[in-house]
Amino acid sequence: MNPFTAKTVQLIRSIPEGRVMTYGQVAAAAGNRRAARQVVRVLHSMSAAEQLPWHRIINAKGGISAPADAAGKGILQRDLLEAEGIVFREDGTVDLEACRWFPPDAEME
DNA sequence: AAGATGACTAGGT
DNA sequence: GACCTAGCCATCT
């Protein structure tokens, strides 16, 4: 497992309940702001681990990018977020300005 | 080895 | 705001 992946996992695991981060933001906080796609790759391989709150990762538009069956079992990412208190707008996006979380110990470039 | 792929983004029309 | 394009980069064919 490379450093980026490790940092990414650690970062995602540290996102508090009721908060979200964008792919690009996680990538930047993990050290490589152009690695949004690698963040996605991490989620692909780690989504099975319940420890990883993959649902708290949304796209830069504040919407859900994951396919409906990402969690399997018919669980929707949106449901998981709403269960944590995150409010969605009519268009299915969240208020990033209000819900986005900035990791305290991340080294933003 | 070369080309396609993806739970992305930023910038332009 | 909706839509298109060009970057991005580790993996997979």
Side-chain angles (χ1 to χ4, degrees):
Chain A
M1 178 184 289
N2 62 43
F4 178 81
T5 301
K7 182 107 185 185
T8 299
V9 172
Q10 173 192 322
L11 221 46
I12 295 177
R13 263 204 297 244
S14 69
I15 303 177
E17 198 174 291
R19 286 313 197 68
V20 299
M21 279 184 83
T22 67
Y23 297 92
Q25 202 187 346
V26 172
N32 185 348
R33 78 187 170 78
R34 309 183 212 288
R37 309 197 98 123
Q38 278 52 256
V39 171
V40 166
R41 187 161 288 292
V42 172
L43 296 187
H44 271 209
S45 57
M46 312 293 285
S47 61
E50 294 175 37
Q51 285 190 306
L52 200 63
W54 59 274
H55 55 276
R56 295 185 191 142
I57 306 301
I58 61 181
N59 65 31
K61 305 293 193 303
I64 303 298
S65 292
D69 67 333
K73 308 156 193 168
I75 296 176
L76 295 181
Q77 182 173 7
R78 172 170 177 162
D79 291 333
L80 294 174
L81 291 175
E82 292 184 316
E84 297 186 345
I86 294 193
V87 181
F88 281 75
R89 302 199 189 86
E90 274 186 41
D91 62 354
T93 67
V94 307
D95 185 345
L96 280 178
E97 295 306 301
C99 301
R100 177 155 42 183
W101 179 71
F102 296 87
D105 59 329
E107 28 192 300
M108 308 301 258
E109 56 179 299

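Here is the naming used below: chain letters follow the sequence lines, and residue numbers restart at 1 for every chain.
When rounded to the nearest whole Å, the span between CD1 of Ile75(A) and C1' of dA7(B) equals 16 Å. Atoms CZ (Arg78(A)) and C1' (dA7(B)) sit 17 Å apart, rounded to a whole Å. Rounded to an integer number of Å, the gap from Asp69(A) CG to dG6(B) C1' is 15 Å. For Tyr23(A) and dA10(B), the OH to C1' distance is 17 Å, given to the nearest whole Å. In this structure, CG of Leu81(A) is placed 13 Å from C1' of dA7(B), rounded to the nearest angstrom. To the nearest angstrom, C1' of dA7(B) lies 13 Å from CD of Gln38(A). Atom P of nucleotide dA7(B) and atom CE of Met46(A) are separated by 17 Å, given to the nearest angstrom. Protein atom CH2 of Trp54(A) is 18 Å distant from nucleotide atom P of dG6(B), rounded to whole Å.
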As a quick check of understanding, evaluate side chain to side chain contact (heavy atoms under 4.5 Å, CB included) for Val20(A) and Leu81(A), giving each step before the final call.
CA-CA 9 Å; Val20(A) 299; Leu81(A) 291 175; 4.1 Å; yes

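Backbone-only contact: Ala60(A) has heavy atoms under 4.0 Å from sugar-phosphate atoms and none from a base. Counting any heavy atom pair closer than 4.0 Å across all strands shown, Ser47(A) reaches a base atom.
Among Glu84(A), Arg78(A), Gln77(A), the one residue that satisfies the side chain to side chain donor-acceptor pair (under 3.5 Å) test with His55(A) is Glu84(A).
Taking atom C1' in both dG6(B) and dC8(C), one finds a spacing of 11 Å when rounded to whole Å.
Nucleotides of DNA chain C lying under 4.0 Å from heavy atoms of chain A occupy a range whose first and last members, 5' to 3', are dG7(C) to dT11(C).
Rounded to the nearest 0.5 Å, atoms NZ (Lys7(A)) and CG (Asn32(A)) are 12.5 Å apart. Rounding to the nearest 0.5 Å places CG of Leu43(A) at 9.0 Å from CH2 of Trp54(A). The distance from the OH atom of Tyr23(A) to the CG atom of Asn59(A) is 6.5 Å, given to the nearest 0.5 Å.
Comparing Arg41(A) and Arg37(A) by the nucleotide of DNA chain C whose heavy atom lies nearest to each, the residue mapping closer to the 5' end is Arg37(A).
Among pairs with a residue in residues 90-100 of chain A, those fulfilling salt bridge (charged side-chain N to carboxylate O under 4.0 Å, His left out) read Arg89(A)-Asp95(A), Glu97(A)-Arg100(A), at least two apart in sequence or across chains.
Minimum heavy-atom separation, Ala36(A) to Ala27(A): N-CB, 3.6 Å.
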